[in-house]
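Taking it in order: structure first as structure tokens, then the write-up.
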Amino acid sequence: MVDVLLGLQWGDEGKGKIVDFLANQYDIIARFQGGPNAGHTLYLKDKKIVLHTIPSGVFHEKLLNVIGNGVVIDPVSFKVECEEIESLGVNLQACMLISERAHLILPTHKALDKASELAKGMNKIGSTLKGIGPTYMDKTGRNGLRVGDILKNDFLERYQILKEKHLTILKQMNMDLQVDVEETEFFAAIAALKKYQIIAAEYWLNEQIAAGKKILAEGAQGTMLDIDFGTYPFVTSSNTVTAGLCVGLGIAPKHVGKVYGISKAYCTRVGSGPFPTELDNEIGEKLRKLGFEFGATTGRPRRCGWIDLVALKYACMINGVTDLIITKADVLDGMDSVSVCTSYQMYGQSTKQFPYDINEANLSPEYTQIPIWDKALSDCKTQSDLPENFIKLLEIIQQETSVPIAFVSNGVGREQLILLQGN
Ligand code: GDP
Ligand code: IMO
Ligand code: MG
């Protein structure tokens, strides 16, 4: 059986914390897409850890962590991340398995990412510049290099062919590049990658399912960044939705059980692209300050706004969410009131459908306002502690999405999570 946990907004919903919390109910945590563009934060006692490619179950003993075929790996940043986690006493050689089918990010993929963003100018995606887009392009273009290839005799030759292809493209884009230093680093990192267990993960995972083991698939990014269903072209280059786990791990849909969908109690986005409920004013700044909304991977300030239930309902539909988890509720404690977008006004009409192409000039969110509660959510321990006005907010979310809320997260710590009974 496989449950999946994924973001329902534009990423950074708090997936790392929730995976870390749920991890002890599972035998295996598996990443199925994305790569070092992800930044998943969790706390080990008081120490803040940000994971990029390594699954968030890594601090739980007895758990195994899989990096699936759908993930793209940058050996250089992966080596740094592994060393950091190993310095904390985790034996990654024992508890981490990597699919031989996962694709490799080359130094020239990162250069191509930069060149592409430069060429787009004002229309840039706001990419993390980790080489994600160009690597997935080579994957679908059938040119990519995979983790399993590093064990083959012709790896160097194949690397050179792909590198030369990239350098030619870069030259056409007026970027004459030397990658000697990066290349030395890359090959040192490839040698380090060989230390870990590289396996036929699709066979291994299916054997584990047959043996009755429980797997939690950990999504990266969020539904509104999905290549098919997100705010294209301002998206990432992978399928971040539930269906992505089947192709990103080699697990058939019939094995999928619960779908945990995570949403903040408000909304953020980092990078360019439409964001209907964005607050480009002092209220948005307050949310950023109270929620400490700065990118876990790039440090960029995140754009902030109110929760958007049109987008959330859409995300629940695409993913088949069975259990909603609302995070960062405590951040709203500091606001004067809370607004919830329940529909959009578009071309003079009210709609609850997320449009194909958002033209923000012709769209205005329609809000329901909720007065702020009289008791800090950060002090609440159980459902019965929750203030009435916050319960009203939860009811509106459930009503609009038709999905029950399973948990409310009210702090960064693993234990700062309130289970909602009867849901
Ligand atoms: P992810 O990419 O979905 O794993 O999320 P990030 O780690 O990028 O960003 C979430 C941020 O919010 C991290 O700094 C978390 O420590 C923090 N966080 C998670 N849950 C809560 C919560 O309930 N309350 C508060 N105040 N912070 C939270
Ligand atoms: P986690 O897993 C938030 C955004 C980038 C950019 C767009 C494309 O931590 O939630 P890419 O580097 O993929 O080419 O960037 O997607 N983005 C994220 N935003 N959280 C993430 O991951 C993100 N990964 C990519 O900011 O707008
Ligand atoms: Mg993040």
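Residue numbers count from 1 along this sequence. Indexing begins at 1, ligand by ligand and atom by atom, following the structure's order.
- Aromatic ring centres of F234 and Y232 lie farther apart than the 6.0 Å criterion allows.
- For K130, no heavy-atom contact with ligand 2 is shorter than 4.0 Å.
- Contact annotation for K15 and ligand 2: only side-chain heavy atoms (C-beta onward) come within less than 4.0 Å of the ligand.
- When heavy-atom distances to ligand 1 are checked against a 4.0 Å cut-off, H52 has no atom that comes that close, whether in backbone or side chain.
- Contacts of V50 with ligand 1, taken as heavy-atom pairs under 4.0 Å, are absent altogether.
- The side-chain heavy atoms of S77 and K130, taken from C-beta on, include no pair separated by under 4.5 Å.
- Relative orientation of the F354 and Y314 rings is parallel, given thresholds of 30° and 60° on the angle between their planes.
- Contact check on K352 versus E400 returns a salt bridge, with a Lys/Arg side-chain nitrogen under 4.0 Å from an Asp/Glu carboxylate oxygen.
- Only side-chain heavy atoms of Y43 come within less than 4.0 Å of ligand 1; its backbone N, CA, C and O stay farther off.
- Nearest to atom 19 (C) of ligand 1 by heavy atom, out of E293, K17, Q221, is K17.
- Within D12, the N, O or S atom at minimum distance from the Mg ion (ligand 3) carries the name OD1.
- The distance criterion of under 3.5 Å between nitrogen or oxygen atoms is met by T128 with respect to ligand 2.
- Listed by number with element, the atoms of ligand 2 under 4.0 angstrom from any heavy atom of G39 are 1 (P), 9 (O).
- The six-membered or imidazole ring of W306 lies away from that of Y266, with a centre-to-centre distance of 6.0 Å or more.
- In summary, the atoms of ligand 2 found under 4.0 Å from a heavy atom of G11, numbered by their order in the structure, are 3 (C), 10 (O), 20 (N).
- Close approach of ligand 2 to G271 (heavy-atom distance below 4.0 Å) involves ligand atoms 27 (O).
- Closest to atom 8 (C) of ligand 2 by heavy atom, among N37, V235, V270, is V235.
- For F21 and F407, the ring centers sit closer than 6.0 Å to each other.
- Between R414 and D20 a salt bridge is recorded (basic side-chain N to carboxylate O distance below 4.0 Å).
- Within ligand 1, counting atoms from 1 as listed, the ones closer than 4.0 Å to a heavy atom of S409 are 20 (N), 21 (C), 22 (C), 23 (O).
- For the pair A296 and ligand 1, the shortest N or O to N or O distance does not fall below 3.5 Å.
- Remark: distances from the non-hydrogen atoms of G39 to ligand 1 include one below 4.0 Å.
- Ion pairing between a basic and an acidic side chain is recognised when a charged N comes within 4.0 Å of a carboxylate O; R101 and E202 show such pairing.
- Of all the listed residues (E218, K328, R302), R302 holds the heavy atom that lies closest to atom 9 (O) of ligand 1.
- Interface of W10 with ligand 2, defined as ligand atoms under 4.0 Å from a residue heavy atom, comprises 3 (C), 19 (N).
- For F187 and Y159, the ring centers sit closer than 6.0 Å to each other.
- In terms of polar-atom proximity, D113 is not counted as a contact of ligand 2, lacking any N or O under 3.5 Å from an N or O of the ligand.
- P274 is listed as a side-chain neighbour of R269, based on a closest heavy-atom distance under 4.5 Å.
- Under 4.0 Å from ligand 2, not a single heavy atom of T298 appears.
- For the pair D280 and R303, the salt-bridge criterion is not met [side-chain N within less than 4.0 Å of a carboxylate O].
- Considering both main-chain and side-chain atoms, K15 comes within under 3.5 Å of ligand 1 through a nitrogen or oxygen pair.
- When each of R146, R158, K165 is paired with D138, the salt bridge (charged side-chain N to carboxylate O under 4.0 Å, His left out) condition holds for K165 and for no other.
- Heavy atoms of D330 found under 4.0 angstrom from ligand 1 belong exclusively to the side chain.
- Because the distance cut-off is set at 2.8 Å, G39 qualifies as a neighbour of the Mg ion (ligand 3) through one of its N, O or S atoms.
- Listed by number with element, the atoms of ligand 2 under 4.0 Å from a non-hydrogen atom of A38 are 1 (P), 2 (O), 9 (O), 22 (O).
- Selection from G7, A329, G16, G14 by nearest heavy atom to atom 5 (O) of ligand 1 gives G14.
- Annotation for K163: atom NZ counts as buried by contact number, over 12 foreign heavy atoms lying within 6.0 Å.
- At a 3.5 angstrom cut-off on N or O pairs, S237 does not count as close to ligand 2.
- For ligand 2 and H40, the ligand atoms under 4.0 Å from any heavy atom of the residue are 1 (P), 2 (O), 9 (O).
- In terms of polar-atom proximity, L225 is not counted as a contact of ligand 2, lacking any N or O under 3.5 Å from an N or O of the ligand.
- For the pair T368 and S339, the minimum side-chain heavy-atom distance is 4.5 Å or more.
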